[in-house]
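Written below as structure tokens is the structure these notes are about.
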Amino acid sequence: MLTVAIVGGGASGVEMGATLADLLPTWYIPLGENPQEIRIVILQRGSEILKESKSDRLRETAQSELQQRTAPVEVLLESEVKAVYPGAIEFERNGQSWRLAAATVVWTAGNATHPVIDSLAIAPENRDKHNRLLVKPTLQLPEFPEVFAAGDCAIDPSNPQPATAQVAYQQGAAIAHNLKALIAGKSLTPATVNLRGTLIKLGLHESAVEIFDYYEIKGHLGQAIRLATYLELMPTPARNFVNRTRWFNEEILKQIAGV
Ligand SMILES: Cc1cc2nc3c(=O)[nH]c(=O)nc-3n(C[C@H](O)[C@H](O)[C@H](O)COP(=O)(O)OP(=O)(O)OC[C@H]3O[C@@H](n4cnc5c(N)ncnc54)[C@H](O)[C@@H]3O)c2cc1C
């Protein structure tokens, strides 16, 4: 009952593991129990966590923060999950099959393209191995230049970008710009994406922030920057106000009050 298996050591798996490792003890300790009995296990197929990140420093920070949580987080590398059963998972490691008893299994090992994208009349040579649509630098489909694609469902092979919201957001603006150009009979411009960095939550109240993948700020200050960044991205002032109030309460008032 006290073991949580997290499948996948990407950003979502690491954030989930670190957060649960701080959160579950806040319920378990008041019962008079030992938080060390809680076991959180991240199973990652490859040889390292956060493999999409270009930053080795971020990987090291995440590894060390996972070890410092209130409940221990184990990272099992080179471990490929083969089956999930009620109460257990099966995985392969070093050519051997293993079973881990876990009442809770969290799947974070990626997602797939939407069936609508799969069903489009786009030739296989204009798709990648994940079935995403290949687009030109202007984000037009090669076969249908009047159709644009962006975000998680598309990939420009000449300038591949990670499947993240900050990329989708900027590509959306590029499409709007190109649609206006198309209507005005002007030439289209290639989409440019500026990666502003990586924000990763490493526990209930801590984060690591890689600014332009150059500077790293971690701990409580990293968390403050992460929250401020998300606030800045809220689509409406009303939502901004609601989240600002909630986060101020959760991150500052409750911590000062020690609850
Ligand atoms: C757990 C998780 C955590 C993540 N964390 C981060 C993060 O911290 N930072 C970050 O930058 N990125 C993060 N990402 C990635 C980010 O969410 C995606 O890259 C981003 O949402 C892609 O945007 P999109 O517009 O391509 O697709 P989506 O955001 O998936 O939008 C597609 C929309 O189309 C709608 N839709 C689908 N089919 C139809 C249809 N037939 N008709 C009409 N509408 C339809 C869907 O309902 C959906 O709203 C995370 C992803 C996951 C899964």
Side-chain angles (χ1 to χ4, degrees), residues 4-20 23 40 42-44 49-55 58-59 61-62 65 104-122 127-128 130-135 138-141 147-156 159-179 191-213 216-218 222-236 239 243 247:
V4 179
I6 297 174
V7 186
S12 299
V14 168
E15 287 193 337
M16 176 65 78
T19 306
L20 285 178
L23 182 68
I40 293 163
I42 297 177
L43 297 110
Q44 164 72 340
I49 56 167
L50 300 175
K51 71 170 189 256
E52 298 82 14
S53 170
K54 292 180 188 133
S55 169
L58 184 66
R59 257 185 291 282
T61 301
E65 289 296 325
T104 308
V105 178
V106 184
W107 185 271
T108 69
N111 46 27
T113 46
H114 194 284
V116 170
I117 299 293
D118 296 342
S119 67
L120 293 176
I122 305 286
R127 295 174 179 271
D128 75 352
H130 303 295
N131 233 6
R132 289 183 297 181
L133 308 175
L134 300 188
V135 289
T138 50
L139 304 177
Q140 292 165 288
L141 299 185
V147 178
F148 293 80
D152 285 6
C153 73
I155 186 96
D156 170 8
N159 182 22
Q161 299 289 345
T164 61
Q166 59 172 317
V167 171
Y169 213 80
Q170 294 179 49
Q171 289 178 332
I175 290 180
H177 177 88
N178 275 339
L179 280 174
T192 51
V193 173
N194 299 312
L195 295 179
R196 287 174 296 192
T198 307
L199 310 168
I200 185 157
K201 185 170 165 67
L202 295 171
L204 265 187
H205 303 294
E206 292 175 49
S207 292
V209 175
E210 292 269 327
I211 300 172
F212 296 110
D213 289 324
E216 186 185 74
I217 301 170
K218 54 189 179 183
Q223 171 77 340
I225 293 172
R226 180 175 164 275
L227 293 179
T229 307
Y230 281 117
L231 273 183
E232 183 232 336
L233 295 171
M234 291 293 149
T236 60
R239 225 179 269 185
N243 285 311
W247 287 345

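As the structure lists them, so they are numbered: ligands from 1, and atoms in each ligand from 1. Heads up: numbering here begins at 1 and tracks the sequence.
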ask   = Under 4.0 Å from atom 15 (C) of ligand 1, is there any protein heavy atom?
value = yes
ask   = What protein heavy atom sits nearest atom 30 (O) of ligand 1, and how far off is it?
value = D152 OD2, 5.0 Å
message = Apply side-chain contact (heavy atoms from CB on, under 4.5 Å) to residues L139 and N178 and explain how you reach the verdict.
response = CA-CA 9 Å; L139 304 177; N178 275 339; 5.8 Å; no
ask   = What protein heavy atom is closest to atom 41 (N) of ligand 1, reported as residue, atom name and distance in Å?
value = V116 CG2, 4.0 Å
task = Return a yes/no value: protein heavy atom under 4.0 Å from atom 18 (C) of ligand 1?
result = yes
key: Where ligand 1 meets G151 - atom numbers and elements under 4.0 angstrom, heavy-atom basis   = 26 (O)
query = What are the two closest heavy atoms between A208 and L58, and how far apart are they?
reply = CB-CD1, 3.8 Å
query = Does the protein place any heavy atom closer than 4.0 Å to atom 10 (C) of ligand 1?
reply = yes
message = Can a donor-acceptor pair be found, under 3.5 Å and without considering hydrogens, that links the side chain of Q170 to the backbone of N194?
response = yes
inquiry  = At less than 4.0 angstrom from any non-hydrogen atom of A168, what atoms of ligand 1 do you find?
reply    = 22 (C), 23 (O)
ask   = Under 4.0 Å from atom 3 (C) of ligand 1, is there any protein heavy atom?
value = yes
task = Return yes when at least one protein heavy atom is under 4.0 Å from atom 43 (C) of ligand 1, and no when none is.
result = no
message = Between T164 and Q166, do the side chains contain a donor N or O and an acceptor N or O under 3.5 Å apart?
response = no
Trace of the side-chain contact (heavy atoms from CB on, under 4.5 Å) decision for V209 with T229 = CA-CA 10 Å; V209 175; T229 307; over 6 Å; no
ask   = Closest heavy-atom contact between T19 and L204?
value = CG2-CD2, 4.0 Å
Where ligand 1 meets Q166 - atom numbers and elements under 4.0 angstrom, heavy-atom basis = 11 (O)
query = Short check: is a protein heavy atom less than 4.0 Å from atom 23 (O) of ligand 1?
reply = yes
query = Hey, which of I217, T61, T198 is the one that makes side chain to side chain contact (heavy atoms under 4.5 Å, CB included) with E210?
reply = T198
remark   = Looking only at heavy atoms, the pair that brings L199 and E15 closest together is O-OE2, 3.9 Å
task = State, to 0.1 Å, how close A168 and G151 come at their nearest heavy-atom pair, and which atoms those are.
result = CB-CA, 3.8 Å
ask   = For A165 and ligand 1, does the shortest N/O to N/O distance drop below 3.5 Å?
value = yes
message = When you measure from atom 51 (C) of ligand 1 to the protein, is at least one non-hydrogen atom found at a distance under 4.0 Å?
response = no
key: Any non-hydrogen protein atom less than 4.0 Å away from atom 34 (O) of ligand 1   = no
query = Looking only at heavy atoms, which two atoms of A62 and I49 are closest? And how far apart?
reply = CB-CD1, 4.0 Å
query = Which pair of heavy atoms, one from L120 and one from R127, lies closest together, and at what distance?
reply = O-NH2, 3.1 Å
Which segment of Y230 sits under 4.0 Å of ligand 1 when only heavy atoms are counted = side chain
remark   = Counting heavy atoms under 4.0 Å, the part of A163 that contacts ligand 1 is backbone
request  = Can you pull out the closest protein heavy atom to atom 53 (C) of ligand 1? Residue, atom name and distance to 0.1 Å, please.
outcome  = N111 ND2, 4.2 Å
ask   = With atoms numbered from 1 as shown, which atoms in ligand 1 lie under 4.0 angstrom from a non-hydrogen atom of H114?
value = 37 (C), 38 (N)
message = Between H114 (side chain only) and V116 (backbone N and O only), is there a donor and an acceptor less than 3.5 Å apart?
response = yes
message = Would S12 count as a polar contact of ligand 1, with the cut-off being nitrogen or oxygen pairs under 3.5 Å?
response = no
